[in-house]
Asker: 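Structure below; questions to follow.
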Amino acid sequence: MALKVYVDRMSQPSRAVLIFCKVNGIDYEEILVDISKHKHVAPEYKAINPMCQVPTVVVDGKFKLFESHAILIYICCAFPGVASHWYPSDPFQRSKIHSVLDWHHSNLRQSAGVLVWNTILAPRHGLPLKHPLVAEESEKLLVRSLSKLEDFWLKDGQFLVVSSQPSIADIRLVCEIMQLELLSEKDYDRILKPYKKVVQWIEDTRRATAPHFDEVHGILFKVQKRLRKRMATEPVNYNHLKSKL
Amino acid sequence: MTLKVYCDRMSQPSRAILIFCKMNGIEFEEITINILKGEQHTPEYKVINPMCQVPTIVDGDFTLFESHAILIYLSCKYPGVASHWYPSDLIERAKVHSVLDWHHANLRRGSVGVIINNVMLPLNGVPSNPQAAEEAEKTLEKALTVLETFWLKDGPFLVGRSQPSIADLNLVSEVMELDQLLSKELRDRILSPYKKVLQWVEDTKSATAPHFEEIHGVLFKTGKELREQLASQSGKNE
(Lines give C-alpha, C1' and ligand atoms only; values in the text may rest on other atoms or scores of the structure.)
Protein backbone atom coordinates (compact mmCIF):
# COMPACT_ATOMS: atom_id res chain seq x y z
CA MET A 1 0.00 0.00 0.00
CA ALA A 2 1.39 3.39 -0.95
CA LEU A 3 1.13 5.83 1.93
CA LYS A 4 1.59 9.59 1.72
CA VAL A 5 1.73 11.42 5.03
CA TYR A 6 1.12 15.17 5.00
CA VAL A 7 2.62 16.62 8.17
CA ASP A 8 4.41 19.42 9.95
CA ARG A 9 6.85 18.20 12.60
CA MET A 10 5.92 21.19 14.77
CA SER A 11 2.44 19.63 15.03
CA GLN A 12 1.87 17.24 17.91
CA PRO A 13 -0.43 14.78 16.08
CA SER A 14 1.87 14.83 13.02
CA ARG A 15 4.78 13.67 15.15
CA ALA A 16 2.71 10.84 16.65
CA VAL A 17 1.88 9.46 13.19
CA LEU A 18 5.50 9.75 11.97
CA ILE A 19 7.00 8.06 15.05
CA PHE A 20 4.43 5.28 14.81
CA CYS A 21 5.19 4.60 11.14
CA LYS A 22 8.94 4.58 11.72
CA VAL A 23 8.79 2.31 14.77
CA ASN A 24 6.70 -0.19 12.79
CA GLY A 25 8.84 -0.04 9.66
CA ILE A 26 5.96 1.24 7.52
CA ASP A 27 7.00 2.64 4.14
CA TYR A 28 5.64 6.10 3.54
CA GLU A 29 6.38 9.38 1.81
CA GLU A 30 6.55 12.38 4.16
CA ILE A 31 5.24 15.59 2.64
CA LEU A 32 5.79 18.80 4.56
CA VAL A 33 2.84 21.17 4.95
CA ASP A 34 4.52 24.16 6.60
CA ILE A 35 1.99 25.73 8.98
CA SER A 36 4.25 28.72 9.70
CA LYS A 37 4.14 29.53 5.97
CA HIS A 38 0.35 29.00 5.83
CA LYS A 39 0.70 26.06 3.44
CA HIS A 40 -2.16 24.32 5.23
CA VAL A 41 -4.63 26.84 3.81
CA ALA A 42 -3.24 26.76 0.26
CA PRO A 43 -5.79 25.55 -2.33
CA GLU A 44 -3.62 22.50 -3.21
CA TYR A 45 -3.70 21.28 0.37
CA LYS A 46 -7.35 22.22 0.90
CA ALA A 47 -8.16 19.81 -1.95
CA ILE A 48 -6.54 17.04 0.09
CA ASN A 49 -7.95 18.08 3.48
CA PRO A 50 -10.79 20.62 3.48
CA MET A 51 -10.28 21.12 7.24
CA CYS A 52 -6.83 22.56 6.42
CA GLN A 53 -5.16 20.66 9.24
CA VAL A 54 -2.32 18.20 9.63
CA PRO A 55 -1.79 15.31 9.60
CA THR A 56 -3.58 13.78 6.63
CA VAL A 57 -2.75 10.45 5.00
CA VAL A 58 -3.52 9.41 1.44
CA VAL A 59 -3.58 5.66 0.81
CA ASP A 60 -2.90 4.33 -2.71
CA GLY A 61 -3.58 7.78 -4.12
CA LYS A 62 -7.29 7.42 -3.38
CA PHE A 63 -8.35 7.18 0.24
CA LYS A 64 -7.81 10.40 2.18
CA LEU A 65 -8.00 10.26 5.96
CA PHE A 66 -7.52 12.92 8.61
CA GLU A 67 -7.78 13.10 12.43
CA SER A 68 -4.66 11.51 13.98
CA HIS A 69 -6.50 8.98 16.17
CA ALA A 70 -8.43 7.66 13.16
CA ILE A 71 -5.17 7.54 11.17
CA LEU A 72 -3.27 5.62 13.86
CA ILE A 73 -6.10 3.08 14.24
CA TYR A 74 -6.39 2.61 10.47
CA ILE A 75 -2.64 2.02 10.04
CA CYS A 76 -2.65 -0.50 12.92
CA CYS A 77 -5.38 -2.50 11.20
CA ALA A 78 -4.49 -2.08 7.53
CA PHE A 79 -0.73 -2.62 7.60
CA PRO A 80 0.67 -6.06 8.43
CA GLY A 81 3.50 -6.40 10.91
CA VAL A 82 2.23 -3.86 13.46
CA ALA A 83 2.74 -5.44 16.90
CA SER A 84 -0.53 -6.01 18.74
CA HIS A 85 0.31 -3.91 21.81
CA TRP A 86 -0.15 -0.75 19.74
CA TYR A 87 -3.88 -1.44 19.29
CA PRO A 88 -4.77 -4.67 21.13
CA SER A 89 -7.59 -6.86 19.90
CA ASP A 90 -8.73 -7.48 23.48
CA PRO A 91 -12.04 -5.51 23.64
CA PHE A 92 -11.38 -4.13 27.14
CA GLN A 93 -7.89 -2.84 26.37
CA ARG A 94 -9.03 -1.50 23.01
CA SER A 95 -11.94 0.33 24.64
CA LYS A 96 -9.61 1.93 27.17
CA ILE A 97 -7.45 3.18 24.31
CA HIS A 98 -10.55 4.73 22.68
CA SER A 99 -11.55 6.19 26.05
CA VAL A 100 -8.23 7.92 26.78
CA LEU A 101 -7.88 9.14 23.18
CA ASP A 102 -11.38 10.68 23.44
CA TRP A 103 -10.63 12.21 26.88
CA HIS A 104 -7.50 13.71 25.33
CA HIS A 105 -9.47 15.90 22.87
CA SER A 106 -11.07 18.03 25.59
CA ASN A 107 -8.26 17.92 28.12
CA LEU A 108 -4.60 17.68 27.23
CA ARG A 109 -5.19 18.70 23.61
CA GLN A 110 -7.15 21.76 24.67
CA SER A 111 -4.52 22.86 27.16
CA ALA A 112 -0.88 22.01 26.38
CA GLY A 113 -0.89 23.14 22.77
CA VAL A 114 -3.20 26.09 23.41
CA LEU A 115 -1.00 27.37 26.25
CA VAL A 116 2.17 27.13 24.15
CA TRP A 117 0.44 28.72 21.17
CA ASN A 118 -0.91 31.65 23.15
CA THR A 119 2.21 32.40 25.17
CA ILE A 120 5.07 31.42 22.88
CA LEU A 121 4.22 30.63 19.26
CA ALA A 122 1.61 33.24 18.38
CA PRO A 123 3.86 36.11 19.59
CA ARG A 124 6.75 34.53 17.63
CA HIS A 125 4.65 34.60 14.46
CA GLY A 126 3.43 38.11 15.18
CA LEU A 127 -0.16 36.89 15.48
CA PRO A 128 -2.77 38.56 17.67
CA LEU A 129 -3.20 36.95 21.08
CA LYS A 130 -6.51 35.86 22.42
CA HIS A 131 -7.79 37.35 25.66
CA PRO A 132 -5.20 36.81 28.47
CA LEU A 133 -7.78 34.73 30.28
CA VAL A 134 -7.35 32.10 27.55
CA ALA A 135 -3.73 31.43 28.62
CA GLU A 136 -4.76 31.36 32.27
CA GLU A 137 -7.66 28.98 31.62
CA SER A 138 -5.50 26.70 29.50
CA GLU A 139 -2.91 26.45 32.27
CA LYS A 140 -5.64 25.52 34.76
CA LEU A 141 -6.95 22.85 32.38
CA LEU A 142 -3.41 21.61 31.78
CA VAL A 143 -2.83 21.17 35.51
CA ARG A 144 -6.14 19.30 35.85
CA SER A 145 -5.23 17.09 32.87
CA LEU A 146 -1.75 16.30 34.23
CA SER A 147 -3.29 15.43 37.62
CA LYS A 148 -5.73 13.03 35.96
CA LEU A 149 -2.87 11.40 34.04
CA GLU A 150 -0.84 11.06 37.26
CA ASP A 151 -3.65 9.84 39.52
CA PHE A 152 -5.88 7.90 37.15
CA TRP A 153 -4.65 7.04 33.67
CA LEU A 154 -1.17 6.00 34.84
CA LYS A 155 -2.18 4.40 38.14
CA ASP A 156 -2.01 0.77 36.95
CA GLY A 157 1.25 0.62 35.05
CA GLN A 158 4.10 2.14 33.12
CA PHE A 159 1.89 2.99 30.13
CA LEU A 160 -1.70 4.12 29.71
CA VAL A 161 -3.49 0.89 28.86
CA VAL A 162 -1.26 -2.15 28.27
CA SER A 163 0.75 -1.65 31.42
CA SER A 164 4.16 -2.79 30.21
CA GLN A 165 4.10 -1.74 26.55
CA PRO A 166 3.06 1.46 24.77
CA SER A 167 -0.07 1.77 22.64
CA ILE A 168 -1.06 4.41 20.08
CA ALA A 169 -2.53 6.37 22.99
CA ASP A 170 0.88 6.71 24.66
CA ILE A 171 2.59 8.04 21.53
CA ARG A 172 -0.24 10.45 20.84
CA LEU A 173 -0.51 11.93 24.33
CA VAL A 174 3.23 12.10 24.94
CA CYS A 175 3.68 14.00 21.66
CA GLU A 176 1.12 16.50 22.94
CA ILE A 177 2.99 17.06 26.22
CA MET A 178 6.29 17.41 24.35
CA GLN A 179 4.96 20.72 22.96
CA LEU A 180 5.52 22.13 26.47
CA GLU A 181 9.28 21.88 25.75
CA LEU A 182 8.81 25.23 23.97
CA LEU A 183 8.15 26.93 27.29
CA SER A 184 11.05 28.41 29.24
CA GLU A 185 13.00 25.83 31.26
CA LYS A 186 11.71 27.43 34.45
CA ASP A 187 8.05 27.21 33.40
CA TYR A 188 8.46 23.69 32.00
CA ASP A 189 9.93 22.49 35.30
CA ARG A 190 7.36 24.35 37.36
CA ILE A 191 4.41 22.89 35.46
CA LEU A 192 5.61 19.35 34.77
CA LYS A 193 8.07 18.29 37.48
CA PRO A 194 5.43 17.77 40.24
CA TYR A 195 4.03 14.89 38.16
CA LYS A 196 6.60 12.14 38.72
CA LYS A 197 4.66 9.36 36.95
CA VAL A 198 3.98 11.58 33.95
CA VAL A 199 7.65 12.53 33.68
CA GLN A 200 8.68 8.86 33.91
CA TRP A 201 6.05 7.86 31.34
CA ILE A 202 7.35 10.41 28.84
CA GLU A 203 10.84 8.95 29.27
CA ASP A 204 9.55 5.35 28.98
CA THR A 205 7.66 6.17 25.77
CA ARG A 206 10.70 7.92 24.35
CA ARG A 207 12.88 4.88 25.09
CA ALA A 208 10.32 2.42 23.72
CA THR A 209 10.26 4.32 20.40
CA ALA A 210 13.97 5.17 20.17
CA PRO A 211 15.68 6.38 18.09
CA HIS A 212 12.70 7.69 16.14
CA PHE A 213 11.18 9.72 18.97
CA ASP A 214 14.23 11.98 19.25
CA GLU A 215 14.70 12.19 15.48
CA VAL A 216 11.11 13.28 14.84
CA HIS A 217 11.29 15.79 17.70
CA GLY A 218 14.53 17.25 16.30
CA ILE A 219 12.88 20.37 14.88
CA LEU A 220 10.98 21.03 18.10
CA PHE A 221 14.24 21.02 20.06
CA LYS A 222 15.90 23.31 17.51
CA VAL A 223 13.07 25.81 17.91
CA GLN A 224 13.23 25.39 21.69
CA LYS A 225 16.95 26.24 21.72
CA ARG A 226 16.36 29.42 19.66
CA LEU A 227 13.42 30.49 21.80
CA ARG A 228 15.17 29.88 25.12
CA LYS A 229 18.26 31.76 23.94
CA ARG A 230 16.03 34.70 23.06
CA MET A 231 14.17 34.45 26.38
CA ALA A 232 17.51 34.61 28.21
CA THR A 233 18.48 37.87 26.50
CA GLU A 234 15.01 39.47 26.26
CA PRO A 235 13.26 38.89 29.59
CA VAL A 236 9.54 38.74 29.03
CA ASN A 237 6.84 39.00 31.65
CA TYR A 238 5.18 35.61 31.79
CA ASN A 239 3.20 36.45 34.91
CA HIS A 240 0.06 34.99 33.45
CA LEU A 241 1.77 31.58 33.54
CA LYS A 242 1.99 31.59 37.33
CA SER A 243 -0.43 29.02 38.56
CA LYS A 244 -2.91 30.32 41.05
CA LEU A 245 -3.83 26.81 42.13
CA MET B 1 -25.07 -9.28 35.22
CA THR B 2 -27.08 -6.64 33.34
CA LEU B 3 -25.27 -3.78 31.67
CA LYS B 4 -25.59 -0.56 33.73
CA VAL B 5 -25.81 2.76 31.94
CA TYR B 6 -25.28 5.84 34.09
CA CYS B 7 -26.73 8.75 32.18
CA ASP B 8 -28.89 11.85 32.03
CA ARG B 9 -31.38 12.20 29.19
CA MET B 10 -30.52 15.91 29.10
CA SER B 11 -26.99 14.91 28.05
CA GLN B 12 -26.36 14.57 24.32
CA PRO B 13 -23.92 11.63 24.50
CA SER B 14 -26.18 9.86 27.04
CA ARG B 15 -29.07 9.93 24.59
CA ALA B 16 -26.92 8.44 21.81
CA ILE B 17 -26.09 5.43 24.02
CA LEU B 18 -29.71 4.91 25.09
CA ILE B 19 -31.08 5.08 21.53
CA PHE B 20 -28.36 2.66 20.38
CA CYS B 21 -29.15 0.12 23.11
CA LYS B 22 -32.89 0.26 22.45
CA MET B 23 -32.49 0.03 18.66
CA ASN B 24 -30.34 -3.08 19.07
CA GLY B 25 -32.41 -4.77 21.74
CA ILE B 26 -29.57 -4.60 24.29
CA GLU B 27 -30.82 -5.19 27.82
CA PHE B 28 -29.60 -2.60 30.27
CA GLU B 29 -30.41 -0.85 33.52
CA GLU B 30 -30.68 2.93 33.15
CA ILE B 31 -29.43 4.83 36.22
CA THR B 32 -30.09 8.55 36.13
CA ILE B 33 -27.36 10.91 37.28
CA ASN B 34 -29.05 14.32 37.34
CA ILE B 35 -26.56 16.85 35.98
CA LEU B 36 -28.65 19.92 36.78
CA LYS B 37 -28.69 18.78 40.42
CA GLY B 38 -24.92 18.15 40.36
CA GLU B 39 -25.23 14.40 41.04
CA GLN B 40 -22.19 13.72 38.85
CA HIS B 41 -20.06 15.22 41.63
CA THR B 42 -21.24 12.96 44.45
CA PRO B 43 -18.55 10.74 46.04
CA GLU B 44 -20.56 7.63 45.06
CA TYR B 45 -20.54 8.57 41.39
CA LYS B 46 -16.93 9.77 41.47
CA VAL B 47 -15.93 6.20 42.41
CA ILE B 48 -17.61 4.97 39.22
CA ASN B 49 -16.30 7.78 36.98
CA PRO B 50 -13.51 10.00 38.39
CA MET B 51 -14.09 12.46 35.52
CA CYS B 52 -17.57 13.12 36.97
CA GLN B 53 -19.30 13.02 33.60
CA VAL B 54 -22.05 11.04 31.91
CA PRO B 55 -22.47 8.60 30.31
CA THR B 56 -20.58 5.75 31.95
CA ILE B 57 -21.29 2.05 31.51
CA VAL B 58 -20.53 -0.75 33.94
CA ASP B 59 -20.51 -4.20 32.35
CA GLY B 60 -19.71 -6.72 35.10
CA ASP B 61 -16.21 -5.76 36.29
CA PHE B 62 -15.60 -3.42 33.40
CA THR B 63 -16.25 0.32 33.64
CA LEU B 64 -16.03 2.55 30.58
CA PHE B 65 -16.65 6.23 29.88
CA GLU B 66 -16.48 8.53 26.80
CA SER B 67 -19.53 7.93 24.60
CA HIS B 68 -17.66 7.14 21.37
CA ALA B 69 -15.65 4.44 23.16
CA ILE B 70 -18.86 3.08 24.71
CA LEU B 71 -20.70 2.90 21.38
CA ILE B 72 -17.77 1.08 19.75
CA TYR B 73 -17.53 -1.37 22.69
CA LEU B 74 -21.25 -2.17 22.53
CA SER B 75 -21.18 -2.53 18.72
CA CYS B 76 -18.42 -5.12 18.99
CA LYS B 77 -19.67 -6.96 22.07
CA TYR B 78 -23.22 -7.77 20.97
CA PRO B 79 -23.41 -10.02 17.90
CA GLY B 80 -26.95 -8.88 17.06
CA VAL B 81 -25.85 -5.31 16.34
CA ALA B 82 -26.32 -4.60 12.62
CA SER B 83 -23.04 -3.84 10.87
CA HIS B 84 -24.04 -0.40 9.58
CA TRP B 85 -23.67 1.01 13.09
CA TYR B 86 -19.90 0.31 13.16
CA PRO B 87 -18.79 -1.00 9.76
CA SER B 88 -16.25 -3.79 9.59
CA ASP B 89 -14.73 -2.49 6.34
CA LEU B 90 -11.52 -0.72 7.43
CA ILE B 91 -11.99 2.32 5.21
CA GLU B 92 -15.64 2.83 6.19
CA ARG B 93 -14.72 2.34 9.83
CA ALA B 94 -11.87 4.86 9.54
CA LYS B 95 -14.29 7.46 8.15
CA VAL B 96 -16.61 6.93 11.13
CA HIS B 97 -13.66 7.37 13.51
CA SER B 98 -12.64 10.50 11.64
CA VAL B 99 -16.00 12.29 11.99
CA LEU B 100 -16.34 11.18 15.64
CA ASP B 101 -12.90 12.68 16.35
CA TRP B 102 -13.70 15.87 14.41
CA HIS B 103 -16.88 16.23 16.48
CA HIS B 104 -15.08 16.89 19.80
CA ALA B 105 -13.41 20.17 18.86
CA ASN B 106 -16.02 21.34 16.40
CA LEU B 107 -19.73 20.61 16.70
CA ARG B 108 -19.49 19.60 20.38
CA ARG B 109 -17.34 22.55 21.41
CA GLY B 110 -19.37 25.08 19.44
CA SER B 111 -22.73 23.72 20.56
CA VAL B 112 -21.79 23.54 24.27
CA GLY B 113 -20.36 27.06 24.14
CA VAL B 114 -23.46 28.51 22.49
CA ILE B 115 -25.79 26.78 24.97
CA ILE B 116 -23.75 27.87 27.99
CA ASN B 117 -23.62 31.50 26.85
CA ASN B 118 -27.19 31.84 25.54
CA VAL B 119 -29.12 29.55 27.88
CA MET B 120 -27.30 28.36 31.02
CA LEU B 121 -25.60 31.58 32.12
CA PRO B 122 -28.69 33.82 31.55
CA LEU B 123 -30.89 31.29 33.38
CA ASN B 124 -28.60 31.54 36.38
CA GLY B 125 -28.44 35.33 36.15
CA VAL B 126 -24.72 35.22 35.33
CA PRO B 127 -23.47 37.62 32.64
CA SER B 128 -21.76 35.83 29.77
CA ASN B 129 -18.39 36.83 28.36
CA PRO B 130 -19.22 38.43 24.96
CA GLN B 131 -15.92 37.32 23.44
CA ALA B 132 -16.45 33.71 24.53
CA ALA B 133 -20.03 33.84 23.23
CA GLU B 134 -18.90 35.18 19.86
CA GLU B 135 -16.17 32.55 19.54
CA ALA B 136 -18.54 29.74 20.42
CA GLU B 137 -21.00 30.91 17.78
CA LYS B 138 -18.23 31.14 15.18
CA THR B 139 -17.05 27.62 16.04
CA LEU B 140 -20.61 26.31 15.79
CA GLU B 141 -21.34 28.02 12.48
CA LYS B 142 -18.11 26.69 11.02
CA ALA B 143 -18.99 23.18 12.23
CA LEU B 144 -22.49 23.33 10.77
CA THR B 145 -21.06 24.52 7.44
CA VAL B 146 -18.58 21.64 7.41
CA LEU B 147 -21.41 19.19 8.18
CA GLU B 148 -23.54 20.68 5.37
CA THR B 149 -20.82 20.82 2.72
CA PHE B 150 -18.50 17.94 3.62
CA TRP B 151 -19.64 15.28 6.05
CA LEU B 152 -23.15 15.09 4.52
CA LYS B 153 -22.24 15.72 0.90
CA ASP B 154 -22.40 12.09 -0.27
CA GLY B 155 -25.28 10.50 1.54
CA PRO B 156 -28.28 10.89 3.75
CA PHE B 157 -26.04 10.00 6.67
CA LEU B 158 -22.53 11.03 7.70
CA VAL B 159 -19.49 10.04 5.64
CA GLY B 160 -21.62 9.09 2.67
CA ARG B 161 -23.45 6.22 4.30
CA SER B 162 -26.94 5.13 3.31
CA GLN B 163 -27.73 3.88 6.82
CA PRO B 164 -26.92 5.54 10.15
CA SER B 165 -23.76 4.75 12.09
CA ILE B 166 -22.88 5.46 15.73
CA ALA B 167 -21.56 8.82 14.52
CA ASP B 168 -25.03 9.93 13.37
CA LEU B 169 -26.52 9.12 16.79
CA ASN B 170 -23.94 11.16 18.61
CA LEU B 171 -23.88 14.19 16.34
CA VAL B 172 -27.66 14.39 15.82
CA SER B 173 -28.13 14.32 19.61
CA GLU B 174 -25.89 17.37 19.72
CA VAL B 175 -27.96 19.25 17.14
CA MET B 176 -31.15 18.33 19.03
CA GLU B 177 -29.79 20.07 22.14
CA LEU B 178 -29.49 23.30 20.13
CA ASP B 179 -32.87 22.73 18.49
CA GLN B 180 -34.64 22.40 21.83
CA LEU B 181 -32.80 24.78 24.14
CA LEU B 182 -32.19 27.85 21.98
CA SER B 183 -34.84 30.54 21.61
CA LYS B 184 -36.82 30.50 18.35
CA GLU B 185 -34.94 33.58 17.17
CA LEU B 186 -31.51 32.00 17.78
CA ARG B 187 -32.59 28.64 16.41
CA ASP B 188 -33.83 30.27 13.20
CA ARG B 189 -30.67 32.32 12.82
CA ILE B 190 -28.18 29.57 13.64
CA LEU B 191 -29.76 26.34 12.42
CA SER B 192 -32.24 27.03 9.63
CA PRO B 193 -29.70 27.96 6.90
CA TYR B 194 -28.45 24.36 6.98
CA LYS B 195 -31.00 22.39 4.94
CA LYS B 196 -29.00 19.17 4.64
CA VAL B 197 -28.28 19.18 8.37
CA LEU B 198 -31.98 19.58 9.18
CA GLN B 199 -32.93 16.81 6.73
CA TRP B 200 -30.27 14.53 8.24
CA VAL B 201 -31.76 15.09 11.69
CA GLU B 202 -35.17 14.02 10.32
CA ASP B 203 -33.67 10.99 8.54
CA THR B 204 -31.92 9.88 11.73
CA LYS B 205 -35.15 10.34 13.71
CA SER B 206 -37.05 8.15 11.21
CA ALA B 207 -34.32 5.51 11.14
CA THR B 208 -34.39 5.20 14.94
CA ALA B 209 -38.14 5.51 15.54
CA PRO B 210 -39.82 5.17 17.96
CA HIS B 211 -36.86 5.31 20.36
CA PHE B 212 -35.52 8.69 19.21
CA GLU B 213 -38.69 10.56 20.21
CA GLU B 214 -39.07 8.61 23.43
CA ILE B 215 -35.47 9.19 24.59
CA HIS B 216 -35.68 12.88 23.64
CA GLY B 217 -38.91 13.31 25.64
CA VAL B 218 -37.11 14.79 28.67
CA LEU B 219 -35.28 17.29 26.45
CA PHE B 220 -38.52 18.32 24.70
CA LYS B 221 -40.24 18.94 28.04
CA THR B 222 -37.32 20.61 29.83
CA GLY B 223 -36.39 22.61 26.75
CA LYS B 224 -39.89 24.10 26.56
CA GLU B 225 -39.78 25.02 30.28
CA LEU B 226 -36.34 26.60 30.02
CA ARG B 227 -37.25 28.60 26.90
CA GLU B 228 -40.39 29.91 28.62
CA GLN B 229 -38.42 30.77 31.74
CA LEU B 230 -35.78 32.66 29.74
CA ALA B 231 -38.41 34.49 27.72
CA SER B 232 -40.21 35.66 30.85
CA GLN B 233 -36.86 36.66 32.43
CA SER B 234 -35.97 38.87 29.47
CA GLY B 235 -39.54 40.18 29.36
CA LYS B 236 -39.11 41.34 32.96
CA ASN B 237 -35.80 43.02 32.07
CA GLU B 238 -37.25 45.21 29.31
Side-chain angles (χ1 to χ4, degrees), chain A residues 1 13 46 49-53 56-57 59-60 62-79 89-107 109-110 113-114 130-134 137 144-145 147-148 151-153 155 161 169 172, chain B residues 13 46 49-53 56-57 59-78 86 88-106 108-109 112 129-132 134-135 142-143 145-146 149-151 153 159 166-167 170:
Chain A
M1 266 189 275
K46 201 168 179 175
N49 181 348
M51 311 299 154
C52 300
Q53 290 175 321
T56 307
V57 299
V59 184
D60 291 334
K62 289 182 301 209
F63 173 47
K64 296 172 196 158
L65 183 64
F66 52 85
E67 287 295 338
S68 62
H69 305 178
I71 291 172
L72 287 164
I73 291 172
Y74 174 77
I75 295 177
C76 282
C77 299
F79 285 78
S89 53
D90 172 79
F92 304 113
Q93 288 181 330
R94 187 172 277 200
S95 296
K96 284 193 169 157
I97 288 179
H98 293 151
S99 186
V100 70
L101 283 173
D102 280 336
W103 171 87
H104 172 59
H105 279 285
S106 309
N107 291 275
R109 178 69 172 148
Q110 269 314 291
V114 171
K130 297 197 181 201
H131 195 279
L133 273 180
V134 171
E137 287 303 316
R144 283 200 304 270
S145 306
S147 300
K148 281 286 189 274
D151 303 332
F152 179 75
W153 293 113
K155 68 178 168 58
V161 172
R172 180 62 190 90
Chain B
K46 201 168 181 175
N49 182 347
M51 310 301 165
C52 300
Q53 290 175 319
T56 307
I57 59 163
D59 190 13
D61 291 333
F62 181 57
T63 301
L64 185 63
F65 52 84
E66 287 296 338
S67 62
H68 304 177
I70 292 172
L71 287 165
I72 293 172
Y73 171 77
L74 295 175
S75 296
C76 297
K77 169 174 172 157
Y78 292 92
Y86 188 57
S88 52
D89 174 79
L90 285 184
I91 288 182
E92 291 300 304
R93 184 174 281 196
K95 289 178 186 175
V96 170
H97 286 154
S98 185
V99 69
L100 281 171
D101 282 333
W102 170 88
H103 175 50
H104 285 279
N106 293 278
R108 176 78 173 151
R109 176 151 321 128
V112 166
N129 175 335
Q131 195 180 3
E134 195 186 313
E135 272 211 39
K142 195 171 165 203
T145 304
V146 171
T149 57
F150 182 75
W151 294 117
K153 70 177 165 64
V159 300
I166 55 177
N170 219 301

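Letters A, B, ... are given to chains in the order of the sequence lines, protein chains preceding strands, and every chain is numbered from 1.
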Asker: So do the side chains of A:E67 and B:H97 get within less than 4.5 Å of each other, counting heavy atoms only?
Answerer: no

Asker: Partners of B:L90 by side-chain contact (heavy atoms from CB on, under 4.5 Å), sequence neighbours excluded?
Answerer: A:Y74, A:C77, A:A78

Asker: Please determine, among B:K142, B:K95, B:R109, the option with the most heavy-atom pairs under 4.5 Å with chain A.
Answerer: B:R109

Asker: What part of A:Q110 is in contact with chain B, defined as an atom under 4.5 angstrom from a non-hydrogen atom: side chain, backbone, both or neither?
Answerer: side chain

Asker: Counting C-beta onward and ignoring hydrogens, is there a side-chain heavy-atom pair between B:F62 and A:P91 closer than 4.5 Å?
Answerer: no

Asker: With rounding to the nearest 0.5 Å, note down the distance linking NE2 in B:H104 to CH2 in A:W103.
Answerer: 12.5 Å

Asker: Rounded to the nearest 0.5 Å, how far does OG of A:S95 lie from CG of B:D59?
Answerer: 10.0 Å

Asker: So how far is it from A:H98 NE2 to B:Y73 OH, rounded to the nearest 0.5 Å?
Answerer: 13.0 Å

Asker: Could you look at A:F66 and say if it's the side chain, the backbone, both or neither that has a heavy atom under 4.5 Å from chain B?
Answerer: both

Asker: Between B:I72, B:L64, B:I91, which residue shows the highest count of heavy-atom pairs closer than 4.5 Å to chain A?
Answerer: B:I91

Asker: Looking at chain B, which one of A:L65, A:I71, A:D151, A:V100 has the largest number of heavy-atom pairs inside 4.5 Å, strictly under?
Answerer: A:L65

Asker: Looking at CG of B:L100 and CG of A:L101, how far apart are the two atoms once the value is rounded to the nearest 0.5 Å?
Answerer: 12.5 Å

Asker: Out of A:I73, A:I97, A:N107, return the one with the most heavy atom pairs under 4.5 angstrom to chain B.
Answerer: A:I73

Asker: Please confirm whether the backbone N or O of B:E66 pairs with a side-chain atom of A:S99, one donor and one acceptor, at under 3.5 Å?
Answerer: no

Asker: Mind checking side-chain contact (heavy atoms from CB on, under 4.5 Å) for B:D61 and listing every partner two or more places apart, or none if nothing turns up?
Answerer: none

Asker: Starting at NE2 of A:H105, measure out to NE2 of B:H68 and round the result to the nearest 0.5 Å.
Answerer: 8.0 Å

